[in-house]
Amino acid sequence: MSEDDAIVLGIDLGTTFSAMSIVNDYGKPEIITNADGHPTTPSVVHFYDEDACVVGEEAVKMVVIDPENVVRFIKRHMGEEDFSLEFFGRAYTPQEISALILRKLKEDAEELLGKEVRDVVITVPAYFNSAQRGATAEAGTIAGLNVLSIINEPTAAAIAYGLDRIGGQRKLLVLDLGGGTFDVTCMEISGTKLTTLASDGNAELGGKDWDDRLLNHVAEEFYEKFQLDPRDDAAPYQELYERCLHAKISLSTKDRAMIPVNYRGMRMAAKISRELFEELTADLVQQCEDTANIVLEKAGLQWSELDDVLLVGGSTRMPMIRDLLIKLSSKQPAEGVNPDECVALGASLAGVFRHRPNHPALKSTREKVKKKAKKAAPKPAEPVRKPTGAVIGLASGGHVAKKALEDAQGAGLPDSSDPFDQPTTMSGSARSMMGLDSGSSREEPPEDDFQVSDDDEGAEVDDGEDEGFEGLLDVQIEDATTHPLGIIVLDKQRRERVVELIPEGTKLPYEFRGRFAYAYENMTAVRVEVTEGTGEYRDEVTVIGKVELTGLPPRPRGTPIEVIYSYGVNQILKVQVVDVETGITRTVDIRFQGGLTQQQVAEARQRNSRMDVE
């Protein structure tokens, strides 16, 4: 089987439910059902022996019977290095537990399709950080999968929704409220390009929080009546949770629900109205509203400028969420979007567009795209390069301090015998504190476009209408950073500071080039520390990687060092550190790590392969 014929499985690895999809022979995405014939699989694992577990519906049935050996909501712990759960004397990391879910999906897909599945695209919440994304990729590797890329859930949903709308100009907002995470993303469809304009969210807000509010209300009502709390024992707690979950679902279509409670011989039936439920969770809805407004502000848009609004994730079935979006946008949410399936559908499409550009299934799609987009697609703009120059600072053992290089004089900085006496050109900003000026180079490299082949066999010619559009772009997915990337530096007083090099919301791929310099005399090594997050100090951000340049000849303070950050759509940050005078270079690919070493991932993969997963 050639690479272009190999299946790319799109996986929505959800907090409460997971789904999978492929692009069929006709170029259309379709959901792959699990072994039970259902389109989604509960993200629940029940361990019943040392090396055996059940995943899915059967595991859900054991929640009340054997709660100590059941795992739910593991996605909320992805990226936590010190978190593990023990079953039958063995500790499992979140990656290992998620890998069991992924393995179940893989095996169910292989059984249905009758062929091996190896290549996958897995979705994550848009606001997942590097550790959470890395943990997700590690889970895929442990499950025996080749993770081609990690894609944001709202982006995947927009791809599934926007495929039939390619060729026009539309702006849409995706509100994604799943079982355990919440994201809002604003996107633009322009010709054949889908671009992320802005994202924000909360990786610890989801449908479970609505469940918990309902459960706590009922438990407290029971306690007031009997001075007993069903939350104190695992089995009664799980039983009550399941009843509250079903009541929440019922309240999406009914005005009232009953929640029976039976604990230590005492019984009660709690009456819950939709109005009461909305009162109990009003602050959660407010969080959703605040986030949605923040995203619109980041995108520089007004609600009236949106063409479409999408609801994604099972929790958006709650009327209060739908009503919120209608109130904010004055629009009805888009019809024909299955909130449980659209993310997986978009993931499989992204897999084909990004990783199978010559897949036969794309041929018919390409022709449709060409016809729709030939009049609406804007002419590709010439790449614009911003002025380049010196970014000034001093690098010493991982730090960069403020000074002026001779190169910076050409950017308008006056000469000075003492590098620390140089004035800055952007007073009042964090960048000027570090000595970074407008000479920094922020360049967008040529886009890695997928183009329509000139010699596609069997391509239809629409009476010559496609003449001049043979090089029209194929569908291009342009994501953006959701967390800023920076570097730790030393300022004029030798105090550590964080300087942002790639801001949040930067369209990918993207490259930053900047010059720094020795902070001390006769240095022979330089260390660059790469940061993620917003903050001015080390303890406000996360160091996600380090690059060391060693074996340098001793030279005076002010010797220039060039730092290059290249951030690609594959979620890999390439960091290059260059000693300008000698040309000595060190390049490191910072693949977002989830906390496990390569050896730990390999060992976990071996253990996973030996387990019985049903």
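For this chain, numbers begin at 1 and follow the sequence in order.
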Asn24 backbone acceptor or donor facing Glu30 side chain under 3.5 Å: no

Quick check for you: to the nearest 0.5 Å, what is the distance between Ser252 atom OG and Arg317 atom CZ? 8.5 Å

Run the numbers on Asn152 and Thr185 for side-chain contact (heavy atoms from CB on, under 4.5 Å), then give the verdict. CA-CA 9 Å; Asn152 294 335; Thr185 296; 6.0 Å; no

Atom CD of residue position Gln599 - does it have more than 12 heavy atoms of other residues, nucleotides or ligands inside 6.0 Å? no

Between Gly178 and Ser315, which heavy-atom pair has the shortest distance, and what is it? O-OG, 3.1 Å

Is Asn338 reaching over with its side chain to a backbone N or O of Asp340, donor-acceptor style, under 3.5 angstrom? yes

Looking at Ala126, is its backbone amide N or carbonyl O close enough to the side chain of Asp183 to form a donor-acceptor pair, meaning the two atoms are under 3.5 Å apart? yes

Nearest heavy atoms of Gly144 and Arg118, plus distance in Å: O-CG, 4.1 Å

Side chains of Glu504 and Thr481: donor-acceptor distance under 3.5 Å anywhere? no

Look up atom CD1 in Ile32 and atom CG in Asp108, then write down how far apart they are to the nearest 0.5 Å. 10.5 Å

Non-hydrogen atoms of Ala158 and Val174 that approach each other most closely: CB-CG2, 4.2 Å

Would you say CD of Gln287 has more than 12 non-hydrogen atoms from neighbouring residues, nucleotides or ligands within 6.0 angstrom? yes

Could you note down all residue pairs passing ring-ring contact (aromatic ring centres under 6.0 Å, His included) where residues 169-197 supplies at least one of them, sequence neighbours left out? none

For the side chain of Asp307 and the backbone of Lys171, is there at least one donor-acceptor N/O pair under 3.5 Å apart? yes

If you define the side chain from C-beta out and look only at heavy atoms, does anything of Ile101 sit under 4.5 Å from Val45? yes

Out of Val285, Leu251, Leu177, which one pairs with Met318 under the side chain to side chain contact (heavy atoms under 4.5 Å, CB included) rule? Leu177

Does any N or O in the side chain of Gln132 come within less than 3.5 Å of the main-chain N or O of Asn129, such that one atom is a donor and the other an acceptor? yes

Restricting to non-hydrogen atoms, name the atom on Arg76 and the atom on Gly206 that form the minimum distance, rounded to 0.1 Å. NH2-N, 3.3 Å

So do Cys288 and Leu205 actually touch side chain to side chain, heavy atoms under 4.5 Å? yes

Quick one: list whatever passes ring-ring contact (aromatic ring centres under 6.0 Å, His included) with Phe47, sequence neighbours left out. Phe87, Tyr92

Validation row: Val23, Ser348 side chains within 4.5 angstrom (heavy atoms): yes

Among all residues two or more places apart in sequence or in another chain, which pass the salt bridge (charged side-chain N to carboxylate O under 4.0 Å, His left out) test with Asp212? Lys208

Considering only heavy atoms from C-beta outward, does the side chain of Val8 approach that of Phe353 to under 4.5 Å? no

In Å, rounded to the nearest 0.5 Å, how long is the span from CZ of Arg72 to OG1 of Thr16? 9.0 Å

To the closest 0.5 Å, what do you measure between CE (Met20) and NZ (Lys104)? 8.5 Å

Min side-chain heavy-atom separation Leu100-Asn608 under 4.5 Å: yes

Does Arg103 reach the main-chain N or O of Met611 with its side chain, forming a donor-acceptor pair under 3.5 Å? yes

Indicate whether any N or O donor in one side chain lies under 3.5 Å from an N or O acceptor in the other, for Glu58 and Tyr48. no

List the atom pairs, with distances to 0.1 Å, where a side-chain N or O of residues 35-43 and a protein N or O form a donor-acceptor pair under 3.5 Å, not counting sequence neighbours.
{"unit_1": "Thr41", "atom_1": "OG1", "unit_2": "Asn34", "atom_2": "ND2", "d": "3.0"}
{"unit_1": "Ser43", "atom_1": "OG", "unit_2": "Gly14", "atom_2": "O", "d": "2.9"}
{"unit_1": "Ser43", "atom_1": "OG", "unit_2": "Ser18", "atom_2": "OG", "d": "2.8"}

Separation of Leu311 CG from Leu173 CG (nearest 0.5 Å): 9.5 Å

Kindly give the heavy-atom pair with the smallest separation between Ala156 and Thr123, and that separation in Å. CB-CG2, 4.0 Å

The side chain to side chain donor-acceptor pair (under 3.5 Å) partner of Asp308 among Gln332, Lys331, Arg170 is Arg170

According to the ring-ring contact (aromatic ring centres under 6.0 Å, His included) rule, which pairs have a member within residues 109-135, sequence neighbours left out? Tyr127-His483

Derivation and outcome, salt bridge (charged side-chain N to carboxylate O under 4.0 Å, His left out), residues Lys61 and Glu57: CA-CA 7 Å; Lys61 295 176 183 177; Glu57 292 288 351; over 6 Å; no

Below 4.0 angstrom, N of the basic side chain to O of the carboxylate: do Asp51 and Arg610 qualify? no

Look at the side chain of Glu96 and the backbone N and O of Thr93, then say whether any donor-acceptor pair between them is shorter than 3.5 Å. yes

Report the C-alpha separation of Val121 and Ile11 in whole Å, then their side-chain angles, then the decisive distance to 0.1 Å, and conclude whether the side-chain contact (heavy atoms from CB on, under 4.5 Å) test is met. CA-CA 6 Å; Val121 170; Ile11 297 179; over 6 Å; no

List the steps and the verdict of side-chain contact (heavy atoms from CB on, under 4.5 Å) for Glu341 and Ser21. CA-CA 9 Å; Glu341 300 176 2; Ser21 166; over 6 Å; no

Using side-chain heavy atoms (C-beta onward) and a distance below 4.5 Å, is Arg356 in contact with Leu148? yes

Output yes when a side-chain donor or acceptor of Ser98 lies under 3.5 Å from a complementary backbone atom of Gln95, and no otherwise. no

Under 3.5 Å, is there a donor on one side chain and an acceptor on the other for Asp479 and Thr196? yes

With side chains defined as the heavy atoms from C-beta onward, is the minimum distance between Met62 and Asn69 less than 4.5 Å? no

Which heavy atom in Gln600 sits nearest to a heavy atom in Leu596, and how many Å separate them? OE1-CA, 3.3 Å

Stepwise side-chain contact (heavy atoms from CB on, under 4.5 Å) test for Asn202 and Thr291: CA-CA 9 Å; Asn202 186 342; Thr291 301; 5.8 Å; no

Give the C-alpha distance, both sets of side-chain angles, the deciding distance and a yes or no for salt bridge (charged side-chain N to carboxylate O under 4.0 Å, His left out) between Lys75 and Glu153. CA-CA 14 Å; Lys75 184 174 179 176; Glu153 291 166 2; 2.7 Å; yes

Heavy-atom side-chain contact between Glu242 and His246 under 4.5 Å: yes

Just by distance, do the side chain of Lys298 and the backbone of Ser199 share a donor-acceptor pair under 3.5 Å? yes

Who passes salt bridge (charged side-chain N to carboxylate O under 4.0 Å, His left out) against Asp589, sequence neighbours left out? Lys574

Rounded at 0.5 Å granularity, tell me how far CE in Met187 sits from CD1 in Ile159. 6.5 Å

Has Gln476 got a side-chain atom pairing as donor or acceptor with Lys193's backbone, closer than 3.5 angstrom? no

